[in-house]
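Hydrogens, waters and symmetry mates play no part in the numbers below; they use all other heavy atoms, side chains included. Proteins come first, then strands; the chains are lettered A, B, ... in the order of their sequence lines, and each starts at number 1.
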Protein chains: 2
Amino acid sequence: MTDTRERGGGGDGGWSPALALLWGTGRPVGRRGPRPTLTLDAIARAGVAVADAEGLAALTMQRTAAEVGVTKMALYRYVPGKDELVALMIEAAMGEPPRDAAPKDAWRPRLDAWARGLFERFVRHSWALEAIVGPRPMGPHELAWMEAAVAALAGCGLGGGERLDVAATLVGHVRAVAQQHAAVAGGGAEEAMAEGIAPLLAARREQFPALAEAFASAAHEGSGGDALDFGLARILDGVELLVNARREAAPGE
Amino acid sequence: MTDTRERGGGGDGGWSPALALLWGTGRPVGRRGPRPTLTLDAIARAGVAVADAEGLAALTMQRTAAEVGVTKMALYRYVPGKDELVALMIEAAMGEPPRDAAPKDAWRPRLDAWARGLFERFVRHSWALEAIVGPRPMGPHELAWMEAAVAALAGCGLGGGERLDVAATLVGHVRAVAQQHAAVAGGGAEEAMAEGIAPLLAARREQFPALAEAFASAAHEGSGGDALDFGLARILDGVELLVNARREAAPGE
DNA sequence: AGTTAATAGTGTCCGATAGACACAGTGTAC
DNA sequence: GTACACTGTGTCTATCGGACACTATTAACT
């Protein structure tokens with residue numbers, strides 16, 4: 001799997017089978033043979049259950065098939081390959097973005113809540129962090145999350161490219177912190193780093209003086225909040241500066 | 001590989017074999033048998049060459065061994081398993097962080113240059129983006145990169161935890177943008193997203209109105225810079241606000 | 001110098017995995 | 001009622017990571 005083999009792109013107008021699956025451009029309904037015993041959704045949920053419980057490495061076609069009560073090869077009637085299964089699982093794991101609590105709110109609290117919601121998804125399904133690396137087709141849920149972020153920025157004076165960039169930057173931050181979080185079960189950036197490197201650092205503080213000093217200083221500061229909060233505050237502060245600059249430049253708009 | 005099996009942690013004081021390899025706590029020198037024909041460094045460089053050229057999926061023990069002219073099993077005399085090989089490859093690919101051009105510079109241009117240097121590494125070895133997900137031991141080069149970022153922030157009034165958080169946030173942003181960059185060869189966040197989803201979006205603009213509008217707007221704005229610049233500027237703006245706040249709070253320090 | 005034992009590289013084997021393919025049962029359209 | 005499309009199964013293959021036994025090499029010890 002995940003090989004660089006050519007997928008689809010043939011006579012289907014450039015639509016890979018994965019995209020067709022994700023976007024529900026499924027088979028026509030008037031079917032002749034026996035009724036399928038499974039649904040794509042059930043398969044995806046079974047895969048998510050396996051990955052949630054035992055990690056992405058434990059996700060095999062066999063294991064997933066057993067979870068839904070069929071043999072491995074039966075799954076290939078529904079998905080062309082494991083990559084597509086994982087794509088469906090990502091969609092299932094992300095789910096719909098939360099309904100915006102107060103759509104008339106200012107952009108900043110909306111983006112803040114949005115980022116925390118996304119973070120919560122990634123923490124709950126930490127295998128997704130491994131699965132979403134590399135080129136892959138985008139599903140409707142994933143796009144809906146982006147839509148929500150960009151929508152929160154509507155009418156605040158930022159250009160279209162800037163709104164997209166803000167969303168992308170936030171996704172990047174959330175993913176990065178979620179990865180640190182997953183590396184050590186429950187911890188911010190400091191704890192995550194400290195867990196693995198504290199003993200190393202202690203023995204080589206002359207080689208990494210600034211790091212050693214920062215860790216020491218952080219230790220008797222008492223950790224003030226976690227890495228998600230910190231980065232989020234910094235990024236949104238930076239966005240706010242830009243928004244204000246744009247508003248000053250075109251106050252009447 | 002990448003399984004959640006127990007590694008080391010036995011009588012070696014909690015040092016996994018991967019850590020020993022990365023930190024050069026190698027075997028003692030007075031050895032009895034035949035001279036090794038290989039070095040860890042040569043093996044790592046061979047692996048990097050394979051992954052650079054053909055992607056991480058093409059990296060097998062067999063392929064790497066062939067590259068250095070031995071059989072697959074010979075590699076196991078040097079590395080305990082594939083995970084450790086990949087860890088060495090990451091170290092080799094990251095390399096030493098660039099010497100700080102002007103150590104007496106202000107923190108902001110230093111961090112900016114640092115982030116761009118890191119980005120360049122990730123773009124050159126995009127397989128590393130896949131390889132660094134999940135819990136894994138940290139190597140000296142990786143730590144040296146963190147050291148450089150934290151050192152750039154020394155004496156600017158930020159606490160130890162904050163300095164670490166800034167570095168972690170920047171790494172997260174760089175990695176995220178590098179992933180988008182790798183997804184479509186050569187492109188910022190907008191191009192990266194547009195590549196895959198533009199056709200989808202065109203057909204479903206009523207479902208994703210804000211996204212559609214943002215893309216349309218971005219298209220006739222002419223893309224103003226790339227995603228790395230944008231996010232970097234926003235994050236550093238946010239950090240600058242915090243630095244200024246801290247300086248005001250303790251001006252005499 | 002001769003012996004011993006630790007080490008290096010090789011060949012062979014095994015279990016797990018993704019996927020191909022042929023086959024038998026099933027249910028709808030004609 | 002019959003043909004045919006479709007579903008799930010069993011079998012087979014290629015590939016990969018890794019275990020293990022074996023031979024060749026070379027430094028340490030007597």
Side-chain angles (χ1 to χ4, degrees), chain A residues 1-8 17-18 21 26-40 42-43 46-47 50-51 54-89 130-131, chain B residues 1-8 17-18 21 26-40 42-43 46-47 50-51 54-89 130-131:
Chain A
M1 58 168 272
T2 315
D3 244 52
T4 40
R5 72 198 126 142
E6 212 56 46
R7 267 273 164 71
L21 242 50
R27 301 157 282 194
V29 279
R31 314 268 294 298
R32 204 181 288 209
R35 284 28 167 314
T37 57
L38 306 175
T39 62
L40 278 181
I43 295 172
V50 170
E54 303 168 44
L56 199 59
L59 181 87
T60 66
M61 296 303 276
Q62 188 100 253
R63 184 85 177 70
T64 308
E67 205 76 8
V68 291
V70 296
T71 61
K72 169 183 69 159
M73 290 315 292
L75 293 187
Y76 287 98
R77 295 283 174 195
Y78 298 85
V79 290
K82 196 185 177 188
D83 287 350
E84 288 77 10
L85 168 61
V86 172
L88 287 173
M89 287 169 53
E130 309 174 43
Chain B
M1 57 169 273
T2 315
D3 245 50
T4 39
R5 72 196 126 145
E6 213 56 47
R7 265 273 164 69
L21 242 49
R27 301 157 282 194
V29 278
R31 316 270 294 298
R32 204 182 287 210
R35 286 23 168 317
T37 58
L38 305 174
T39 62
L40 277 182
I43 295 172
V50 170
E54 303 168 43
L56 198 59
L59 182 87
T60 65
M61 298 303 276
Q62 188 100 257
R63 185 84 178 71
T64 308
E67 205 75 9
V68 290
V70 296
T71 61
K72 169 182 69 161
M73 290 315 292
L75 294 186
Y76 288 98
R77 296 281 173 193
Y78 298 85
V79 291
K82 196 186 175 185
D83 287 351
E84 287 77 10
L85 168 62
V86 172
L88 287 173
M89 286 170 51
E130 308 174 43

S.K.: Starting at CD of B:Q62 and ending at C1' of C:dG11, how long is that distance when rounded to a whole Å?
M.R.: 12 Å
S.K.: Can you name the residues that form a side chain to side chain contact (heavy atoms under 4.5 Å, CB included) with A:V50, not counting sequence neighbours?
M.R.: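 In terms of side chain to side chain contact (heavy atoms under 4.5 Å, CB included), with neighbours along the sequence ignored, A:V50 is linked to A:L59, A:R63, A:E67.
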S.K.: Given A:Y78, which of A:L38, A:L88, A:L21 fulfils the side chain to side chain contact (heavy atoms under 4.5 Å, CB included) condition?
M.R.: A:L38
S.K.: Rounded to the nearest angstrom, tell me the gap between atom CZ in B:R35 and atom C1' in C:dA6.
M.R.: 14 Å
S.K.: Name the pairs: protein N/O against N/O of nucleotides 13-16 of chain C, kept only if under 3.5 Å.
M.R.:
none

S.K.: Go through C:dT10, D:dG8, C:dG27 for me and flag the one nearest to the A:R77 side chain.
M.R.: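 Side chain of A:R77 sits closest to D:dG8.
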S.K.: According to side chain to side chain contact (heavy atoms under 4.5 Å, CB included), who are the partners of A:A131, at least two apart in sequence or on a separate chain?
M.R.: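 Once residues adjacent in sequence are excluded, the partners of A:A131 under the side chain to side chain contact (heavy atoms under 4.5 Å, CB included) criterion are A:L56, A:V86, A:I90, A:W127.
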S.K.: For a quick check of understanding: with a heavy-atom distance under 4.0 Å over all strands, which category does B:L59 fall into, base, sugar-phosphate or nothing?
M.R.: sugar-phosphate
S.K.: From the list D:dA27, D:dT9, C:dA8, which nucleotide is the closest neighbour of the side chain of A:A74?
M.R.: D:dT9
S.K.: Could you check how far CE of B:M73 sits from C1' of D:dG17, rounded to whole Å?
M.R.: 9 Å
S.K.: Report the nucleotide, chosen from D:dT7, C:dT28, C:dA5, that has the shortest atom-to-atom distance to any side-chain atom of A:R32.
M.R.: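 That would be C:dT28.
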S.K.: Give the rounded distance in Å between these two atoms: CE of A:M61 and P of C:dA20.
M.R.: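 Distance, rounded to whole Å: 10 Å.
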S.K.: Looking at B:L75 and B:A65, what are the two nearest heavy atoms and their distance?
M.R.: CD1-N, 3.6 Å
S.K.: Using whole Å, report how far CG of A:L75 lies from P of C:dG19.
M.R.: 11 Å
S.K.: Contact between B:T37 and B:V68 at the side-chain level, heavy atoms closer than 4.5 Å - yes or no?
M.R.: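 Side-chain contact under 4.5 Å: no.
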S.K.: Reckon B:Y78 has a side-chain N or O less than 4.0 Å from the OP1 or OP2 of C:dA8?
M.R.: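 No, because none of the side-chain N or O atoms of B:Y78 sits under 4.0 Å from OP1 or OP2 of C:dA8.
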S.K.: Are any of the side-chain heavy atoms of A:M61 and A:V79 separated by less than 4.5 Å?
M.R.: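 They are in side-chain contact.
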S.K.: Could you work out which one of C:dC23, C:dA18, C:dG9 sits closest to the side chain of A:Y76?
M.R.: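 The closest nucleotide is C:dA18.
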S.K.: Taking only the side-chain heavy atoms of B:T71 (C-beta and beyond), determine which of C:dA18, C:dT10, D:dG17 contains the nearest atom.
M.R.: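 Output: C:dT10.
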S.K.: Determine the minimum heavy-atom distance between B:G47 and B:M89, stating which atoms define it.
M.R.: O-CE, 3.3 Å
